Amino acid sequence: MNQEKPNPAIDVKLLELLACPLTKGPLTWDAEHQELVSRLARLAYPVRDGIPVMLPSEARTVEIDNEAKPKPGSEDD
Amino acid sequence: MPTQDRNLWGASDAYERYMGRWSRQIAPIFTKWLDLAPGAQWLDVGCGTGVLTSSILASCEPAGVLGVDSSDAFLETASTSLSDPRVSFTQGDAQALAQGDDSFDAAVSGLVLNFLPDKDAAIREMSRIVRPGGTVGLYVWDYAGHMQVMRTFFDVATALDPGAVDYDDGVKAPICRSGPLKELFERSGLGKVAVRAIDIPAAFDSFDDYWWPFLGGTGSAPKYCGSLDDDARDRLSRELQQRLPTGPDGEILLAIRAWAVKGRVH
């Protein structure tokens with residue numbers, strides 16, 4: 001009953017049942033920010049107390065190209 | 001029994017006493033009628049405090065149940081009270097579900113449909129996430145007919161105050177009848193659509209047992225109660241007390257009907 005969840009990380013089984021509510025596309029788990037990322041929608045959905053909040057109004061806009069090195073002089077500046 | 005922190009549990013506890021206790025009796029009859037094989041993956045849309053989800057866990061031998069609700073307060077109650085490893089919860093919108101196509105065997109919903117602005121979108125979404133051959137089903141109260149807990153309330157309220165009609169789901173929710181439910185499902189492309197009435201008795205120990213939940217629950221009648229000043233609310237309470245059929249020990253026995261509808265995904 002009183003066992004604590006030290007890390008409210010998302011259950012893999014639950015992740016498989018989730019998709020972006022806007023694009024219906026897949027989500028990836030960002031462990032560092034504890035967020036579910038929809039690359040297509042460029043949105044990151046938060047997970048609060050282990051419960052994914054799949055509402056675009058609660059999601060954060062994210063830069064998707066942050067893994068790639070920003071090219072100097074790229075078009076998006 | 002629900003005692004912890006009153007502030008935290010207020011909304012859920014009030015809902016439980018207002019409609020949850022009756023929905024708990026409807027849910028097992030509904031899930032039995034759906035007749036799904038064991039091992040199914042279920043989605044409960046608008047799971048609230050977990051009434052329908054707990055019934056699925058108790059009687060349908062599911063592989064899993066995912067409960068979706070837009071309210072974080074209800075989800076906190078549901079996830080705290082249901083610790084079954086087969087169940088998980090997600091906050092989301094019934095009209096834009098966060099699930100992939102064809103990923104469940106059944107999408108169900110209890111007492112939610114009439115609160116959704118876009119009902120067609122909700123049924124389309126439930127159909128989308130269910131795989132071909134799977135089931136979409138839901139139930140709502142028969143507000144205009146044999147849901148006497150609310151029917152009596154609004155008949156008395158409207159006699160005292162014609163403005164009460166603006167809150168009456170019997171008028172506001174024409175979808176909650178057998179014909180419109182069937183049409184909604186058929187319009188969404190579901191096959192083998194069937195509708196049935198589910199009737200249960202509602203026994204209240206006393207007038208207070210009937211009246212108290214109207215003062216704090218979620219829904220149109222509690223909202224109307226909250227809009228009244230103390231005098232008007234007292235008048236309504238006295239009129240109801242006169243009107244309700246009361247037994248020798250103060251008990252009140254009413255009838256409750258829900259309409260249930262189901263269809264098959266092609």
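Labels below follow one simple rule: chain letters A, B, ... track the order of the sequence lines, proteins then strands, and each chain is numbered from 1. This is a predicted model, so every value here is computed, not measured.
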Contact check, side chains of A/Asp11 and B/Ser88, non-hydrogen atoms, under 4.5 Å: no
If you compare all heavy atoms of B/Gly100 against all heavy atoms of A/Ala19, which two are closest, and at what distance to 0.1 Å? N-CB, 3.6 Å
Quick one: CG on B/Leu75 to CZ on A/Arg48, what's the gap to the nearest 0.5 Å? 11.5 Å
Do B/Gln41 and A/Leu17 make a side-chain contact, defined as non-hydrogen atoms from C-beta onward lying under 4.5 Å apart? yes
With a sphere of 6.0 Å drawn around CD of A/Glu58, does it hold more than 12 non-hydrogen atoms of other residues, nucleotides or ligands? yes
Between A/Lys24 and B/Glu125, does any NZ, NE, NH1 or NH2 come within less than 4.0 Å of an OD or OE carboxylate oxygen? yes
Got more than 12 heavy atoms from elsewhere within 6.0 Å of NZ, B/Lys182? no
Taking all non-hydrogen atoms of both residues into account, name the closest pair between B/Gln91 and A/Leu55 and its distance. NE2-CD1, 3.8 Å
For chain A, find which of B/Thr90, B/Leu43, B/Asp93 contributes the most heavy-atom pairs closer than 4.5 angstrom. B/Thr90
Most contacts with chain B, counted as non-hydrogen pairs under 4.5 angstrom, among A/Leu22, A/Leu27, A/Thr23, A/Leu14: A/Leu14
